[in-house]
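Everything below concerns the one structure shown next.
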Amino acid sequence: MTADFRHFYQKTWAERTAIVAEQAQLTPAERALFKKYYLPEHHQIIENYLTDYPLPMGLAVNFVVDGQAKVVPMVTEEPSVIAAASNGAKIVKRAGGFKTTLNQREMIGQIVLEQLTAPAETAAVIEAHQAELLRVADAAHPSLKKRGGGARRIRTRVLGQGYLSVDLFVDVQAAMGANMLNTMLEAVAKSIGVLTKTDPLMSILSNFATASLVKAECAIPVALLQAGRYSGKLVAAKIAAASTVAQIDPYRATTHNKGIMNGIDAVAIATGNDWRALESGAHAYAAKDGHYRGMSSWTSDGQTLRGTLSIPLPVGIVGGSIKINELAQLNQRLLQVDQAGDLARIIAAVGLAQNLAALRALVTTGIQQGHMHLQLKSLALAAGATPAELPAVLQQLELAPQQDLATTQRLITALRQ
Ligand code: NDP
């Protein structure tokens with residue numbers, strides 16, 4: 001029989017879980033998982049809520065950012081991410097820590113006009129009414145201005161094919177600001193419609209957050225980079241070479257940047273921030289000159305390895321689901337941040353630490369050696385090893401010619417006999 005999902009959003013939680021259980025023929029044990037992770041208040045966050053989906057949260061250590069020691073909560077399902085961040089941060093700590101720069105923290109929203117026969121003239125009309133339009137924007141969300149934020153300026157861009165983008169720059173204070181900005185944009189779009197006798201196509205913030213850039217930097221004496229048989233000077237040269245490859249080859253750049261985002265997303269999730277917004281903005285910024293490149297760059301003069309990461313990080317410490325997410329609030333306390341910009345600075349440092357650790361491993365021992373122990377642990381658990389069986393399974397797995405699920409299951413079965 002097919003379960004009935006009509007009006008699912010109107011059903012109670014008990015009704016929803018019963019429908020799903022029927023549809024998927026769930027066992028009582030499977031059905032109990034809905035209850036196990038259920039948090040009633042999360043009905044307020046998403047639609048058609050069933051249960052929560054737990055992810056591990058851990059703490060990266062050793063960070064020094066702008067002279068302040070920091071520990072960094074990270075939420076990730078990937079082994080080695082927290083170890084690598086802590087490892088990269090430890091090296092940089094010995095070199096004096098990360099320095100960050102944040103000149104501006106504004107969000108940009110777009111009102112797109114279409115079917116314009118003279119877009120430059122329409123743009124001129126809009127620019128001439130900038131002060132009035134900024135007042136309309138502020139009036140749509142007055143509390144922001146009271147807090148010291150608000151609409152700052154308007155820019156117009158002729159996109160071609162009859163389209164014009166009117167970009168509104170807003171100081172969103174402690175929030176990420178997506179909803180606040182969207183409210184302001186819709187109000188401004190109405191005024192622009194009247195002013196230009198057009199019907200704006202759409203109004204929405206842009207995740208290409210080029211007015212929320214953060215730069216993290218570090219300068220590491222090469223001696224601190226020595227790894228096994230590799231001298232620090234050689235490691236520094238190889239890291240710089242790896243950085244060059246990420247600048248010229250999109251295949252490498254993508255993986256280089258994935259490693260950076262391993263750290264950035266993990267802190268974004270831990271602090272209740274919209275990691276999809278950060279991801280889209282970061283990758284767009286990595287392709288800002290028309291060629292997708294590594295987000296960080298490393299250079300070595302033989303004495304010092306210098307790393308830098310510039311990235312848009314429109315994060316908030318209020319707004320979105322943060323106010324009803326106790327762990328996001330707890331994690332702000334662990335990070336000891338009371339300004340959104342300070343959170344952005346730490347996140348940029350995490351991205352650079354993550355990148356340093358990954359590159360150092362890649363150009364010396366290879367990534368697998370460090371990863372493998374944790375990966376094997378995940379494999380053993382996935383194959384059904386109990387915590388008590390883990391040490392013995394891992395010992396045998398490390399020696400096994402094949403380290404796959406079938407082999408691991410065979411090892412566990414043998415151990416149990
Ligand atoms: P909210 O809509 O929650 O707005 C921010 C809230 O924080 C407001 O209620 C504001 O109060 C309150 N606030 C309290 N103190 C401050 C302060 N010091 N500075 C600023 N605000 C303060 O969140 P955002 O506007 O930040 O939007 C973020 C959410 O939007 C995220 O969940 C994101 O996923 C989502 N989103 C993202 C989009 C995208 O990325 N493309 C598109 C649409 C939504 P008050 O009302 O009194 O001003």
Side-chain angles (χ1 to χ4, degrees), residues 39 41-49 52-53 55 75 102 104-112 134-152 165-189 200-214 261 264-285 311-329 331-333 335-345 347:
L39 283 177
E41 61 271 30
H42 285 187
H43 282 282
Q44 299 161 41
I45 302 185
I46 61 161
E47 309 74 37
N48 294 355
Y49 176 67
D52 269 28
Y53 182 96
L55 286 170
V75 172
L102 186 151
Q104 201 187 11
R105 230 191 76 81
E106 290 171 5
M107 279 300 270
I108 306 169
Q110 300 183 269
I111 298 158
V112 179
L134 292 177
R135 275 196 297 278
V136 170
D138 281 335
H141 199 103
S143 50
L144 195 51
K145 191 156 186 190
K146 285 195 200 113
R147 290 197 180 93
R152 292 290 181 254
S165 179
V166 181
D167 302 339
L168 177 69
F169 288 67
V170 176
D171 176 343
V172 288
Q173 293 283 293
M176 175 220 181
N179 287 319
M180 296 194 294
L181 192 54
N182 289 342
T183 305
M184 295 165 98
L185 288 166
E186 287 183 11
V188 174
L201 177 65
M202 61 176 153
S203 312
I204 179 83
L205 95 154
S206 169
N207 289 112
F208 191 29
T210 52
S212 290
L213 291 179
V214 191
M261 298 312 287
I264 289 179
D265 286 347
V267 191
I269 297 171
T271 53
N273 273 286
D274 184 337
W275 52 272
R276 287 87 53 209
L278 300 188
E279 280 279 343
S280 56
H283 294 290
Y285 194 67
I311 184 168
L313 287 175
V315 291
I317 55 167
V318 295
S321 64
I322 296 171
K323 58 184 170 297
I324 38 177
N325 184 334
E326 290 172 344
L327 283 171
Q329 287 174 27
N331 287 338
Q332 278 182 18
R333 302 259 300 130
L335 284 160
Q336 300 187 327
V337 286
D338 52 16
Q339 300 214 11
D342 290 344
L343 175 58
R345 289 173 191 273
I347 295 178

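One-based numbering, in listed order, for ligands and for the atoms of each.
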Under 3.5 Å, is there a donor-acceptor pair linking the side chains of Gln329 and Asn331?
->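 No, because no side-chain N or O of Gln329 sits under 3.5 Å from a partner of the opposite role on Asn331.
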For ligand 1, list the protein residues that place a heavy atom within a distance below 4.0 Å of one of its atoms, sorted by chain and number.
->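 Ligand 1 is contacted, at a heavy-atom distance under 4.0 Å, by His141, Ser143, Arg147, Val172, Gln173, Ala174, Ala175, Met176, Gly177, Ala178, Asn179, Met180, Asn182, Leu205, Asn207, Asp274, Ala277, Val318, Gly319, Gly320, Lys323.
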Would you call Arg135-Asp138 a salt bridge at under 4.0 Å N-O?
->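 No salt bridge links Arg135 with Asp138.
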Are the side chain of Asn179 and the backbone N or O of Gly320 linked by a donor-acceptor pair below 3.5 Å?
->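 Such a contact is absent between Asn179 side chain and Gly320 backbone.
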Sequence neighbours left out, what passes side-chain hydrogen bond (donor to acceptor under 3.5 Å, both in side chains) with Asp265? Give chain and number order.
->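 Here no residue qualifies.
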Kindly state each residue pair satisfying salt bridge (charged side-chain N to carboxylate O under 4.0 Å, His left out) with at least one member in residues 275-284, sequence neighbours excluded.
->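 Those involving residues 275-284 are Asp274-Arg276.
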By side-chain contact (heavy atoms from CB on, under 4.5 Å) - contacts of Ser206 (at least two apart) |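 Ser206 satisfies side-chain contact (heavy atoms from CB on, under 4.5 Å) with Gln110, Phe208 once adjacent residues are dropped.
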